[in-house]
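Here is the structure we will look at, set down as structure tokens.
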Amino acid sequence: MSGKQFKGHEVSCCIKYFIFGFNIIFWLLGVAFLGIGLWAWNEKGVLSNISSITDLGGFDPVWLFLVTGGVMFILGFAGCIGALRENTFLLKFFSVFLGIIFFLELTAGVLAFTFKDWIKDQLNFFINNNIRAYRDDIDLQNLIDFTQEYWDCCGAFGADDWNLNIYFNCTDTNPSREKCGVPFSCWLVRDMEQKTYIHVKGCVPQFEKWLQDNLTLVAGIFIGVALLQIFGICLAQNLVSDIEAVRASW
């Protein structure tokens, strides 16, 4: 075929480098989240004593950084290296992993809407369990304080929930100076009147109210994330198809 050029299939550079650029940012963010999580655990001595992970009765917020960072790292690595090296295995893994996350999010949304009362009970149990462990971990303490300050709430369903904590309960045998009290984040200070008040509303009903008031925003975020995930899956699948077509034409 002298003097003739054969034009076969080509891998789309736009799709390839778009996936690469997007995922390298995702990958680096995952590394940063993992680094923050590991640093926090090192500061608390968890890395030197792994068994202490189970010592905290409540939720350790560091898990948010580690799990989120781990997922972002894996997705970013698969998408970034898969696109750059035109590795169909990593690209397919990226698509499937992203699809599983999308399916889990969709399932969680449907279950949350269908079993609202059960979700409320589980949220109440979760908050009260963390109230008991309030003084056990500084990260958990900061998370609870932030939540109570942000939503102007106190406890799961009211200030009396703090009786579950050994430092704040009102039992006669409690020697704590904080007996019958609540954390500072439950207090509302009004400077003009020089008086203090306790937030009487619980965090569960306040969270429900916040969801109702911001339903459009929350729905928009979820739809935006879902569309971004679907877009990422489609791009990865298109790139895989291009790569396989090029290889088939060799």
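The model shown is predicted, which means the values in this text are computed figures rather than measured ones. Computed from heavy atoms alone, side chains included, the values below leave out hydrogens, waters and symmetry copies.
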ask   = Within a strict 4.5 Å, meaning less than it, do heavy atoms of the L75 and F97 side chains meet?
value = yes

task = Could you grab the distance from atom OG of S95 to atom CG of L235, nearest 0.5 Å is fine?
result = 9.5 Å

task = Nearest 0.5 Å please: distance from the CD1 atom of I24 over to the OH atom of Y17.
result = 12.0 Å

query = Is a salt bridge present between K116 and E208, judged by a nitrogen-to-oxygen distance below 4.0 Å?
reply = no

key: Residues that E43 engages under salt bridge (Lys or Arg N to Asp or Glu O under 4.0 Å), provided they are two or more places apart   = none

L239 and I19, any side-chain heavy atoms less than 4.5 Å apart = yes

query = Which atom names give the shortest non-hydrogen contact between W27 and C80, and what distance separates them?
reply = CE3-SG, 3.9 Å

Euclidean distance, I131 CD1 relative to I166 CD1, rounded to 0.5 Å = 13.5 Å

task = Kindly indicate whether the side chain of I127, heavy atoms from C-beta on, has any atom under 4.5 Å from the side chain of I144.
result = no

inquiry  = Determine whether the interatomic SG-SG distance for C154 and C186 falls below 2.5 angstrom.
reply    = yes

Rounded distance (nearest 0.5 Å) linking atom CG of N129 with atom CG of L140 = 9.5 Å

inquiry  = Membership question, hydrophobic clusters at under 4.5 Å side-chain separation (ILVMFWY): are F89 and F73 in the same one?
reply    = yes

task = Applying ring pair (Phe, Tyr, Trp, His ring centres under 6.0 Å), name anything that partners W63, two or more places apart in sequence or on another chain.
result = W41

ask   = Crowded around D117 CG? As in, over 12 foreign heavy atoms under 6.0 Å?
value = no

Pairing residues for F222 by the side chain to side chain contact (heavy atoms under 4.5 Å, CB included) criterion, not counting sequence neighbours = V218

ask   = Between T147 and C153, what is the shortest heavy-atom contact and its length?
value = O-SG, 3.9 Å

request  = Say whether M72 and F65 are linked into one hydrophobic cluster, either directly or through other cluster members, by side-chain heavy-atom distances under 4.5 angstrom.
outcome  = no

request  = Considering only NZ, NE, NH1 and NH2 on the basic side and carboxylate oxygens on the acidic side, decide whether K16 and D242 come within less than 4.0 Å.
outcome  = no

inquiry  = I'd like to know if the side chain of Q148 reaches the main chain of G155, judged simply by a donor and an acceptor atom lying under 3.5 Å from each other, with no hydrogens or angles considered.
reply    = yes

key: Nearest atoms (heavy-atom pairs only) where L143 meets P61   = CD2-CG, 3.9 Å

request  = For T171 and N169, test the side chains for any donor-to-acceptor distance below 3.5 angstrom and give the result as yes or no.
outcome  = yes

inquiry  = Could you see if I119 belongs to whatever hydrophobic cluster contains W210? Use Ile, Leu, Val, Met, Phe, Trp, Tyr and a side-chain cutoff under 4.5 Å.
reply    = no

ask   = Ignoring hydrogens and geometry, is there a side-chain-to-backbone donor-acceptor pair from N163 to D160 under 3.5 Å?
value = yes

ask   = Any donor and acceptor pair, going by atom type alone, linking the side chain of N42 with main-chain N or O of L38 inside 3.5 Å?
value = no

query = Any chance CZ of R247 has more than 12 other-residue heavy atoms, nucleotides or ligands included, within less than 6.0 Å?
reply = yes

request  = Evaluate side-chain contact (heavy atoms from CB on, under 4.5 Å) for L66 paired with F33, printing each intermediate quantity in order.
outcome  = CA-CA 7 Å; L66 293 175; F33 273 51; over 6 Å; no

request  = Treating Ile, Leu, Val, Met, Phe, Trp and Tyr as nodes and any side-chain heavy-atom pair under 4.5 angstrom as an edge, say whether F157 and W162 lie in one connected cluster.
outcome  = yes

key: ring pair (Phe, Tyr, Trp, His ring centres under 6.0 Å): pairs with one or both residues in residues 100-128, sequence neighbours excluded   = F59-F126

remark   = Interatomic distance, CD@Q229 vs CG@L106, rounded to 0.5 Å, equals 10.0 Å

query = Are any of the side-chain heavy atoms of F94 and N23 separated by less than 4.5 Å?
reply = yes

ask   = Going from CG on L29 to CD1 on I25, what distance comes out if it is rounded to the nearest 0.5 angstrom?
value = 7.5 Å

inquiry  = Check for me, please, whether F207 and F146 land in the same ILVMFWY cluster - side-chain distances under 4.5 Å, paths through other members count.
reply    = yes

inquiry  = Give me each pair satisfying salt bridge (charged side-chain N to carboxylate O under 4.0 Å, His left out) with a member in residues 163-179, each pair once, sequence neighbours excluded.
reply    = R135-E178

task = Starting from the C-alpha separation in whole Å, work towards a yes-or-no answer on side-chain contact (heavy atoms from CB on, under 4.5 Å) for E86 and I243.
result = CA-CA 7 Å; E86 298 183 6; I243 294 171; 3.6 Å; yes

message = Is there a side-chain contact (heavy atoms from CB on, under 4.5 Å) between V96 and I100? Walk through the geometry before answering.
response = CA-CA 6 Å; V96 172; I100 291 173; 3.9 Å; yes

Pair D137 + K44, salt bridge at N-O below 4.0 Å = yes

task = Take D152 and K201 through the side-chain contact (heavy atoms from CB on, under 4.5 Å) test and state the conclusion after the steps.
result = CA-CA 8 Å; D152 295 334; K201 296 179 180 179; over 6 Å; no

task = For residues F22 and L228, determine if any side-chain heavy atom of one lies less than 4.5 Å from a side-chain heavy atom of the other.
result = yes

message = I'd like to know if the side chain of D145 pairs up with that of Y134 as donor and acceptor (distance under 3.5 Å, no hydrogens or angles considered).
response = yes

Residues N124 and N128: side-chain donor-acceptor under 3.5 angstrom = yes

request  = Tell me who clusters with I221, hydrophobic residues only, linked when side chains sit under 4.5 Å apart either directly or through other members.
outcome  = L217, V225

